[in-house]
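Counting from 1, the numbers follow the sequence of the chain as shown.
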Amino acid sequence: MTRVAVIGGGITGVTTAYALARRGAHVTLIERHRYAAMETSFANGGQLSASHAEVWNHKYTILNALKWMARRDAPLLLHPRPGWHKLSWFAEFLAAMPHYERNTIATARMAIAAREHLFAWAADEAIDFDHRRAGILHVYRERAGFERAAGVSQMLAKGGLVRRAVTPHEMRAIEPALAGQFYGGYYTDSDSTGDIHKFTTGLADACARRGVACRYGQAITALKPENGRVRVTTDAASALFDAAVICAGTASRAMAAMLGDRVNVYPVKGYSITVQLDDPASRAAAPTVSLLDDAAKLVSSRLGEDRLRVAGTAEFNGENRDIRADRVAPLLRWVEQHFPGIATRRVVPWAGLRPMLPAMLPKVGAGRAPGVFYNTGHGHLGWTLAAATAEMVSDAVLAQTGA
């Protein structure tokens, strides 16, 4: 039986461990935290959003970043402090701009493929994760943004996604609770939402039931190719595996360097707030359909009856994990502006580091050394893509090891 170490207990690591276990591999899941899903898979925006598959390698993103540099509450905040990692990442980001359309289409296809696996796994393992299949509505206040989105919709259609334009009147019918003036929107009824933390921890429990050895609270101290296998050393033990899959989010870059690979993941910080809908009036005033406000770079998802998650923004500031009040404030203002009937007395803020590669596509597959594999760099679409990339890397592992 093939012995595989999966390093990282977030959404990509847990889905990878699960996919390998279903194929009959002997899997050890190694996570430095005491539990699964304690970093970027803890409190994201909640969207399973093929409609959000557009990559960022476009002049539109660059112009906005430059325009917003002086604003501390900017949707996209680029700290001017230099550093080799940041500079090399942006150089590769710019180099990937000619592949913007191709990569967007590829991401959409991957997101659609992921749905089938994720929904089936949740059903097979009876995972309750506040799943809501009410679609995602993209909203636009200005004509320019709406018309640009029409071009994005055409690219998504090439990837197999149906996203239709809707008028302000149709938007009100889709989500009656939404307040404000809008030029128009785009609605994807095949997208859905849920609680990533509930899903990941539920799938981690399923992994354990299927025989995965879950080693929580163990930090990686060394990784080394050794005679066609991989030695994995933690602060608790050292063992040889037939293969190791790096699913370690922003830590993947340093781990890849130990193994002789270059995986240029950069940590892009995102924020969320979870609004507790404690009273009947707030629950009635909260949206049931997931929203994406393109201009504000914010998304919202209803999680069960008593929570509203609002998330977004992108901050290029290295490994900084601080939760800044000036970055959380726009999320709260957005709720107050568009859903004024919601009481915001109880709001829980959070920040996480998205692992992003310059071309905005995850690295999935083999490294240089035998037995080394990667499933990392999913950026803002980690949950949306995870089930598909888990299947892809699992096939690659077992094909190489001959299992």
Side-chain angles (χ1 to χ4, degrees), residues 11 37 40-49 51-52 73 75 128-141 171-180 182 185-189 191-202 269-314 323-352 354 380-384:
I11 184 64
T40 312
S41 301
F42 187 76
N44 76 349
Q47 292 188 334
L48 290 159
S49 52
S51 61
H52 201 19
D73 65 347
D128 178 7
F129 62 106
D130 293 328
H131 191 205
R132 187 182 295 263
R133 297 196 186 197
I136 293 178
L137 176 64
H138 286 57
V139 302
Y140 297 88
R141 295 175 188 79
M171 290 168 62
R172 303 295 180 205
I174 293 168
E175 181 45 75
L178 178 64
F182 297 94
Y186 288 86
Y187 180 57
T188 311
D189 60 5
D191 277 343
S192 59
T193 58
D195 187 323
I196 187 174
H197 186 73
K198 283 187 175 183
F199 178 84
T200 308
T201 55
K269 183 162 47 168
Y271 289 81
S272 78
I273 58 173
T274 303
V275 184
Q276 304 296 326
L277 307 173
D278 292 328
D279 57 275
S282 293
R283 291 191 285 273
T288 57
V289 172
S290 182
L291 303 171
L292 193 152
D293 188 329
D294 193 60
K297 305 302 179 191
L298 296 180
V299 305
S300 71
S301 298
R302 182 73 172 265
L303 302 179
E305 291 303 312
D306 60 354
R307 292 181 299 154
L308 176 67
R309 176 74 48 77
V310 178
T313 76
I323 299 177
R324 290 172 38 181
D326 57 349
R327 303 292 290 156
V328 171
L331 281 66
L332 191 59
R333 285 199 300 269
W334 188 88
V335 174
E336 294 168 348
Q337 177 184 358
H338 295 294
F339 304 98
I342 295 177
T344 53
R345 295 184 184 89
R346 251 191 349 129
V347 175
V348 181
W350 173 85
R354 308 180 187 98
H380 66 297
L381 291 176
W383 192 20
T384 297

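Evaluation of the side-chain hydrogen bond (donor to acceptor under 3.5 Å, both in side chains) rule for Thr313 yields no partner, not counting sequence neighbours. Scored by the side-chain contact (heavy atoms from CB on, under 4.5 Å) test, Ala134 finds Arg132, Val289 as partners (sequence neighbours excluded). Listed by chain and number, the residues in a side-chain hydrogen bond (donor to acceptor under 3.5 Å, both in side chains) with Ser282 are Asp279 (sequence neighbours excluded). Partners of His131 by ring-ring contact (aromatic ring centres under 6.0 Å, His included), not counting sequence neighbours, listed by chain and number: Phe119, Phe129. Under the rule for a side-chain contact (heavy atoms from CB on, under 4.5 Å), the partners of Arg172 that lie at least two apart in sequence or sit in another chain are Leu178, Phe182. Remark: Arg354 pairs with no residue by the salt bridge (charged side-chain N to carboxylate O under 4.0 Å, His left out) rule, at least two apart or across chains. Not counting sequence neighbours, Asn44 has no partner by the side-chain hydrogen bond (donor to acceptor under 3.5 Å, both in side chains) test. Under the rule for a ring-ring contact (aromatic ring centres under 6.0 Å, His included), Tyr271 has no partner lying at least two apart in sequence or in another chain. Every residue two or more places apart in sequence or in another chain was checked for a side-chain hydrogen bond (donor to acceptor under 3.5 Å, both in side chains) with Ser300, and none qualifies. Partners of Asp326 under the side-chain contact (heavy atoms from CB on, under 4.5 Å) rule, at least two apart in sequence or in another chain, are Arg72, Arg324.
Under the 4.5 Å side-chain criterion, counting only non-hydrogen atoms from C-beta, Asp191 is not in contact with His52. By the 4.5 Å heavy-atom criterion applied to side chains, Arg302 and Arg307 are not counted as neighbours.
Judged by distance alone, with hydrogens and angles left aside, the side-chain atoms of His138 form no donor-acceptor pair with the main-chain N or O of Gly185 at under 3.5 Å. With Thr384 contributing its side chain and Ser49 its backbone, the two residues share a donor-acceptor pair below 3.5 Å. For the pair Thr200 (side chain) and His197 (backbone), a donor-acceptor distance under 3.5 Å is absent. When atom types are taken as modelled, the side chain of Ser301 and the backbone of Thr193 share no donor-acceptor pair closer than 3.5 angstrom.
Residue pairs that meet the salt bridge (charged side-chain N to carboxylate O under 4.0 Å, His left out) test with at least one member in residues 336-348, sequence neighbours left out, are Asp278-Arg346. For residues 284-294, the salt bridge (charged side-chain N to carboxylate O under 4.0 Å, His left out) pairs, not counting sequence neighbours, are Arg141-Asp293, Asp294-Lys297.
Here the straight-line distance linking atom CD of Gln47 with atom CG of Leu381 works out to 9.5 Å at 0.5 Å rounding. Rounding to the nearest 0.5 Å places CD1 of Ile136 at 9.0 Å from CG of Leu291.
Ring pair Trp383/Phe199 is tilted by interplanar angle, where 30° to 60° counts as tilted. Using cut-offs of 30° and 60° on the angle between ring planes, the pair Phe42 and Trp350 is tilted.
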